[in-house]
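Atoms within a ligand are numbered from 1 in the order they appear, just like the ligands themselves. No experiment lies behind these values; they were computed from the predicted model shown.
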Amino acid sequence: MRIVVLAGGIGGARFLRGLKRAVPDADITVIGNTGDDIHLFGLKVCPDLDTVMYTLGGGINEEQGWGRTDETFHLKEELAAYGVGPEWFGLGDRDFATHIVRTQMLGAGFPLSAVTEALCDRWEPGVRLIPMTDDRVETHVAVTLPDSGSAAGSGERKAVHFQEYWVRLRASVPAEAVVPVGAEQAKPAPGVLEAIAEADVILFPPSNPVVSVGTILAVPGIREAIANAGVPVIGLSPIVGDAPVRGMADKVLAAVGVESTAPAVAEHYGSGLLDGWLVDTVDAGCVERVEAAGIRCRAVPLMMTDVDAAARMAREALALAEEVRAV
Ligand code: GDP
Ligand code: CA
């Protein structure tokens, strides 16, 4: 079975670990979000690709859900001693090595997809991990920063990099708009459209619908390829009981005018894209609403408390795909 998964960071990676356990023989291609990518200290950092690679390759910091296990921060401290920041982005020594290798290879002319493949030679994630594009796409968030004092009137309105919004500001101010800068001109990376065309099933894991899955879908050609693939497209809700399970997805959902509920996210994707949607059992009451939108829906436990729980979710998603295929 050939499975294509559109993944962000933590939610995507943990689901993928379950999927691998549920169907060890499946051929899994992961299309990774690169809208979160950022240049720091002259290095290219790809947080979502690395979270998938480290999680599936056994190098992830489990509690945090991102970054390396057994990490130290000497390099960051030394940089800070020179007054070189940003200090709000936690890059550890082990993690730095990944970004150095990546930046070196990019500098030598390799596209990000080839670099990612080379990094995965070490981590052996057991899936084919492809960035959504080799072109530069950067998600920016329009915010009004709180008034710093003196003059009357509102604070300064500006666009900040997604990482600055998420990590430095901790989504503490409303996101007024979310823009994947560069997406319109981007081309899907080699292998992306081919994997979609050859897939037996396409899954949206419980990843952020706006800044993870939404960004991937913003690369011209990807949304159309999925909608026209003619195979079941099944999503799992990242919203449980009207709130994101972790993080601040509600803030970026509000920016695109979508309420933070499992059915609203399904409707946001729409029946043109989704054939099936899994909601958590606490949201069983919304199944009818989702089905009224033309999307087959089931309520099952959706908390990835451990790998087995994620594997059960993956089995439910594949079962729903077969149900959809049968009609
Ligand atoms: P990020 O790039 O690290 O933010 O990760 P993703 O975009 O892949 O996933 C973030 C989303 O995963 C958040 O909106 C969370 O609500 C969701 N999430 C995290 N853990 C769980 C879980 O155990 N169950 C469900 N249903 N969603 C989860
Ligand atoms: Ca992310």
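- Without hydrogens or angle criteria, R296 side chain to G276 main chain gives no donor-acceptor distance under 3.5 Å.
- The OG1 atom of T55 sits 10.0 Å away from atom CH2 of W123, with the distance rounded to the nearest 0.5 Å.
- For the atom pair OG of S207 and CG of L16, the computed distance is 8.0 Å after rounding to the nearest 0.5 Å.
- An angle of 100° is found at the Ca ion (ligand 2) between D36 atom OD2 and D48 atom OD1, rounded to 10°.
- Protein residues lining ligand 1, listed by chain and number: G8, G9, I10, G11, G12, D48, P206, S207, N208, S212, S237, P238, V240, P244, V245, R246, A249, L302, M303, M304 [non-hydrogen atoms, distance under 4.0 Å].
- With 3.5 Å as the limit, one finds no donor-acceptor pair spanning the side chains of D242 and S260.
- Annotation: side chain of V231 is not in contact with side chain of D200 (no heavy-atom distance under 4.5 Å).
- Under the 4.0 Å criterion applied to side-chain N and carboxylate O atoms, E117 and R128 are not assigned as salt-bridge partners.
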